[in-house]
K.L.:
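A single structure is presented below for examination.
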Amino acid sequence: MKPNASATRKRGKGAADRPSSSSSMNGAVFGHWETAAIAVAVLAFLLRLLFLSSLADTPFWLEHFSDSRLYMQLAADIAAGGIDTVYFMSPLYPYVVAGVAGLTGNPELWVRILQALAGAMTAWLVFRIGAQTFSRGAGLAAAAVVAAYAPLIYYDGLLLTESLLTLLLTAHLLALLQAFRKGRIWDWVFAGVLLGLAVVTRATTVLFLPALVVVWLFLRGEHRPAPSRIAAYAAAALLTLLPTALHNASTGGVFMPVTSSFGFNLYAGNNATATGLYSMPERVDLANDPNGHHWVEKQTGKDLNAAEISAYWRDRALYWMGKHPGEAAGLLLRKLLLFFHPGEIDQLGLSLRFYTTQFGAIIGIPAVSFSLILVLAAAGIGLAMREHRGDWPLQLFLLVFVLSTVVFFVSGRLRLPIMPLLILYAAHAVVTMTAVIRAGQPVVRHMAAFAGMAVAVVVLLVQPDVRQGFEQEHLKLGQSAFNRASYDEAEQWFRRSLEEQETVDGLVNLGNALAAQQRPEEAAALYRQAIRSDSTYALAWFNFGNLRMQTGSPQYAYGYWKKAVEHDPRLAGARRNLGLLLMQAGRYDEAEQQFEAYLRLESQTREREAIQQDLERLRAMRRSADPAP
């Protein structure tokens, strides 16, 4: 990665077209390339619309799970008046979703259409980067692959940050290259703003800023931008973070430029049970307590702010790494390898492999082509390093992105934003080596390409074994069927989940499906099995209590609900059920305490109004039972 802003090597007869200058982009020859690139962008949009048409026929169109559910909930909170806590999830995407929801009333459709446009724009931007840095042929070839690469199409259809982040990062890299070439201060400012927006979409991308500044310190001569340019870039990026920093300071009284998730994510990837993927050994209720805030407060017995919660998880991760340095180093190496795993490792429980197995293939270049892309990309990087093309900011970004990811945990989704860049280097290798062969040049002169390919092949050959089952996907489809009152279908999905891997979630959900079908003894057996597996799982106690109440055993229901609250004081449903049962028993003071605890936990207006009515009824019953003298 030798820093060089503009130098290119002279190529022999028959070599591919040279990088485009700003003046040649308006020429007749470039006009044909530009037209082809526009056609590729249109193709990208159409392929994504085609995928959306098939996705709309699946339960995952309107059902939101894991991160998608959290983003949609944040968007709903924003639309309802704003978020009054420190950001835990990166906030730009939910604000975009909230804006689209306000304008259209149908974010599930229109956000996805906008993401399809984002995918098309990304393909166009890749062409521009390739045309300016390598060759028009490489740029167009890369754009075509970006347009048709199935994982990019897939994630452009999901309600997640990856589509927006990939667009922002690709646009940032193009703007940064132009800033280096042209030197205009506004180019630097624009690049900085794009980086800032990317940081507000995924906070770890901020690490590129100090890395670039460090490299800049070692640049010399005409290749070193003026300090004012670098300062403008940094200032623009940091000022873009100001709204999120001010929000966090005003709502939580802490200095956190983007989110409070650093410590939690660090621990999720660095603990005694970590395998390189997301791993949270503690039973944190990610649906209602996504950063483990209330779990930590229960463990410590203290009221903690967002910074202290993050520090708690961070310190636990650092303690484990310090106590087990060898294991931590091995885990880091494992994550580095897994980042380049040939499969699309899932994190959310809606894997690309499951989708194509269950609902049909995505029209495009299949995900199994990743290995080929990686090998060719490594060859392209080797060639570019030898040719000193001025693409070192791209290589630096690749390095920083990979390292800033593997410090935490990896998945196929998390590496997606750099796929356009890897594809571009792969296209550069193909175009260059094809030109070399056609020109009759000795291939051995390009040993840098073969060295890069060798490294990539070794990375692929030494990949760790990763178990990727479909238990979470089956569980989610079962929950979707249960929500539609299709209890027979839900039962089948839950059984398939348990066949893949027995989990307490699977046992409890299957118990719920059987209880809904009036099969109480079978349901009770599953709840007992779940409690034997994890006696601290509050939902097992809660649902077992519901079953006991339905089968006419309120005394058992009361004990089970008390257990549920003991293990999870924030389980609102258990609080309400206890309040109703205590009210029926005439224990009005205890019932009132449970109702008030429920009100502190429940944010939905309709449910709060129902409890307010119960409270009024309780107070009336208490007055009639104990009339004033």
Side-chain angles (χ1 to χ4, degrees), residues 63 65-66 272-273 275 277-289 292 295 298 346 348-350 354 467-578 581:
E63 296 280 355
F65 302 103
S66 301
T273 67
T275 62
L277 313 183
Y278 176 89
S279 171
M280 176 54 67
E282 286 73 16
R283 179 163 287 285
V284 175
D285 181 5
L286 297 178
N288 300 302
D289 188 19
W295 187 92
K298 181 183 176 183
D346 173 58
L348 295 172
L350 179 54
F354 176 80
R467 181 195 173 276
Q468 282 281 279
F470 292 152
E471 62 274 3
Q472 289 300 314
E473 286 88 345
H474 292 143
L475 187 65
K476 288 173 172 56
L477 286 173
Q479 291 167 341
S480 175
F482 189 91
N483 293 338
R484 300 193 309 271
S486 299
Y487 302 124
D488 289 343
E489 180 187 350
E491 178 189 350
Q492 298 309 311
W493 285 119
F494 293 142
R495 289 192 185 281
R496 292 178 68 178
S497 176
L498 290 170
E499 288 170 3
E500 290 268 353
Q501 182 178 4
E502 183 177 301
T503 63
V504 289
D505 287 333
L507 292 169
V508 170
N509 276 282
L510 179 56
N512 294 344
L514 295 174
Q517 297 176 69
Q518 306 302 315
R519 295 157 65 181
E521 294 305 319
E522 295 174 78
L526 287 162
Y527 294 142
R528 291 191 189 97
Q529 187 176 347
I531 291 169
R532 283 196 300 270
S533 178
D534 184 358
S535 61
T536 68
Y537 189 44
L539 286 176
W541 292 105
F542 172 66
N543 285 286
F544 204 177
N546 293 344
L547 179 67
R548 287 307 189 195
M549 192 68 187
Q550 293 164 9
T551 54
S553 300
Q555 69 278 17
Y556 290 111
Y558 174 78
Y560 293 157
W561 288 335
K562 288 286 286 184
K563 274 286 188 180
V565 169
E566 175 186 328
H567 293 303
D568 184 2
R570 296 184 55 80
L571 189 57
R575 293 285 190 183
R576 179 177 184 181
N577 289 353
L578 280 170
L581 188 59

K.L.:
Among residues at least two apart in sequence or on other chains, which ones pass side-chain hydrogen bond (donor to acceptor under 3.5 Å, both in side chains) with S553?
P.N.:
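Checked S553 against side-chain hydrogen bond (donor to acceptor under 3.5 Å, both in side chains); zero matches.
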
K.L.:
Quick one: does Y537's side chain get under 4.5 Å of I531's, heavy atoms only?
P.N.:
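Y537 vs I531: side chains apart.
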
K.L.:
Please collect all salt bridge (Lys or Arg N to Asp or Glu O under 4.0 Å) contacts where either partner lies in residues 477-488, sequence neighbours excluded, each pair once.
P.N.:
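Of all non-adjacent pairs touching residues 477-488, those that pass salt bridge (Lys or Arg N to Asp or Glu O under 4.0 Å) are R484-E489.
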
K.L.:
Check whether any side-chain heavy atom of S497 lies under 4.5 Å from a side-chain heavy atom of E473, and answer yes or no.
P.N.:
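Sidechains of E473 and S497: no contact.
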
K.L.:
Report the distance from atom CG of L514 to atom CZ of F494, rounding to the nearest 0.5 Å.
P.N.:
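It is 10.0 Å, given to the nearest 0.5 Å.
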
K.L.:
Which pairs pass salt bridge (Lys or Arg N to Asp or Glu O under 4.0 Å) with one or both residues in residues 533-542, sequence neighbours excluded?
P.N.:
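Pairs touching residues 533-542 that pass the test: R283-D534.
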
K.L.:
Using a 4.5 Å cut-off on heavy atoms from C-beta on, say whether the side chain of V565 contacts that of W541.
P.N.:
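With C-beta onward as the side chain, the pair stays apart.
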
K.L.:
Let's go through Q472 and F65 carefully: what are the C-alpha distance in whole Å and the side-chain angles of both, what is the deciding distance for side-chain contact (heavy atoms from CB on, under 4.5 Å) to 0.1 Å, and is it a yes or a no?
P.N.:
CA-CA 10 Å; Q472 289 300 314; F65 302 103; over 6 Å; no

K.L.:
Check the pair F542, W561 against side-chain contact (heavy atoms from CB on, under 4.5 Å), reporting the backbone distance first and the verdict last.
P.N.:
CA-CA 5 Å; F542 172 66; W561 288 335; 3.9 Å; yes

K.L.:
Show the nearest heavy-atom pair for residues A557 and G545, with the distance to one decimal.
P.N.:
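A557 and G545 have their closest heavy atoms at CB-O, 3.3 Å.
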
K.L.:
Once side-chain hydrogen bond (donor to acceptor under 3.5 Å, both in side chains) is applied, do any residues pair with Y278, and if so which ones, sequence neighbours excluded?
P.N.:
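Counting only residues at least two positions away or on another chain, Y278 forms no side-chain hydrogen bond (donor to acceptor under 3.5 Å, both in side chains).
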
K.L.:
Once salt bridge (charged side-chain N to carboxylate O under 4.0 Å, His left out) is applied, do any residues pair with E499, and if so which ones, sequence neighbours excluded?
P.N.:
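Salt bridge (charged side-chain N to carboxylate O under 4.0 Å, His left out) check on E499 returns nothing, list empty.
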
K.L.:
Looking at every heavy atom in both L526 and G511, which two are closest together, and how far apart are they?
P.N.:
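That would be CD1-N, 3.7 Å.
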
K.L.:
ring-ring contact (aromatic ring centres under 6.0 Å, His included) for Y487 and F482? Distances and angles first, verdict last.
P.N.:
CA-CA 5 Å; Y487 302 124; F482 189 91; 5.1 Å; yes

K.L.:
Please give me the minimum heavy-atom distance between L547 and A523, naming the atom from each residue.
P.N.:
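Minimum heavy-atom separation between L547 and A523: CD2-CB, 4.0 Å.
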
K.L.:
Could I get the full list of salt bridge (charged side-chain N to carboxylate O under 4.0 Å, His left out) partners for R576, not counting sequence neighbours?
P.N.:
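With sequence neighbours excluded, R576 shows a salt bridge (charged side-chain N to carboxylate O under 4.0 Å, His left out) to D614, given in chain and number order.
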
K.L.:
Sub-3.5 Å donor-acceptor pair from the side chain of E500 to the main-chain atoms of R496, do we have one?
P.N.:
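Not at all, since once roles are kept as given, no pair shorter than 3.5 Å links the two residues.
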
K.L.:
Any salt bridge (Lys or Arg N to Asp or Glu O under 4.0 Å) pairs touching residues 536-548, not counting sequence neighbours?
P.N.:
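Of all non-adjacent pairs touching residues 536-548, none passes salt bridge (Lys or Arg N to Asp or Glu O under 4.0 Å).
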
K.L.:
Check salt bridge (charged side-chain N to carboxylate O under 4.0 Å, His left out) between E63 and all other residues, then give those that pass, not counting sequence neighbours.
P.N.:
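None.
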
K.L.:
List the residues meeting side-chain contact (heavy atoms from CB on, under 4.5 Å) with N543, not counting sequence neighbours, and say none if there are none.
P.N.:
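Here the qualifying residues are V508, N512, Y527, L539, N546.
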
K.L.:
How would you list, by chain and number, every residue that makes a side-chain contact (heavy atoms from CB on, under 4.5 Å) with Q492, sequence neighbours excluded?
P.N.:
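Not a single residue meets the side-chain contact (heavy atoms from CB on, under 4.5 Å) criterion with Q492.
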
K.L.:
Which pairs count as salt bridge (Lys or Arg N to Asp or Glu O under 4.0 Å) when at least one residue sits in residues 512-528, sequence neighbours excluded?
P.N.:
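Counting only pairs at least two positions apart or across chains, the salt bridge (Lys or Arg N to Asp or Glu O under 4.0 Å) contacts touching residues 512-528 are E491-R519, R519-E522.
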
K.L.:
Search all heavy atoms of G478 against all heavy atoms of A490 and return the closest pair with its distance.
P.N.:
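For G478 and A490, the tightest heavy-atom pair comes out as O-CB, 3.4 Å.
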
K.L.:
Show, in sequence, the C-alpha distance, side-chain angles and deciding distance for Y558 and M549, and conclude whether the side-chain contact (heavy atoms from CB on, under 4.5 Å) test is met.
P.N.:
CA-CA 8 Å; Y558 174 78; M549 192 68 187; over 6 Å; no

K.L.:
Mind listing the closest non-hydrogen atom pair of G506 and L475 along with its distance?
P.N.:
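Residues G506 and L475, closest heavy atoms: CA-CD1, 3.9 Å.
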
K.L.:
Scan residues 562-572 for pairs that pass side chain to side chain donor-acceptor pair (under 3.5 Å), counting only residues two or more places apart or in two chains.
P.N.:
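Matches after skipping sequence neighbours: H294-R570.
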
K.L.:
So which atom in V504 and which in A530 form the shortest heavy-atom distance, rounded to 0.1 Å?
P.N.:
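Closest heavy-atom pair between V504 and A530: CG1-O, 3.7 Å.
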
K.L.:
Contact between D289 and K298 at the side-chain level, heavy atoms closer than 4.5 Å - yes or no?
P.N.:
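With C-beta onward as the side chain, the pair stays apart.
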
K.L.:
Quick one: pull up OG1 in T536 and CD in E282 and give me the separation to the nearest 0.5 Å.
P.N.:
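One finds 10.5 Å between OG1 of T536 and CD of E282.
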
K.L.:
Side chains of L477 and F354: closer than 4.5 Å at any heavy-atom pair?
P.N.:
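Contact flag for L477/F354 side chains = yes.
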
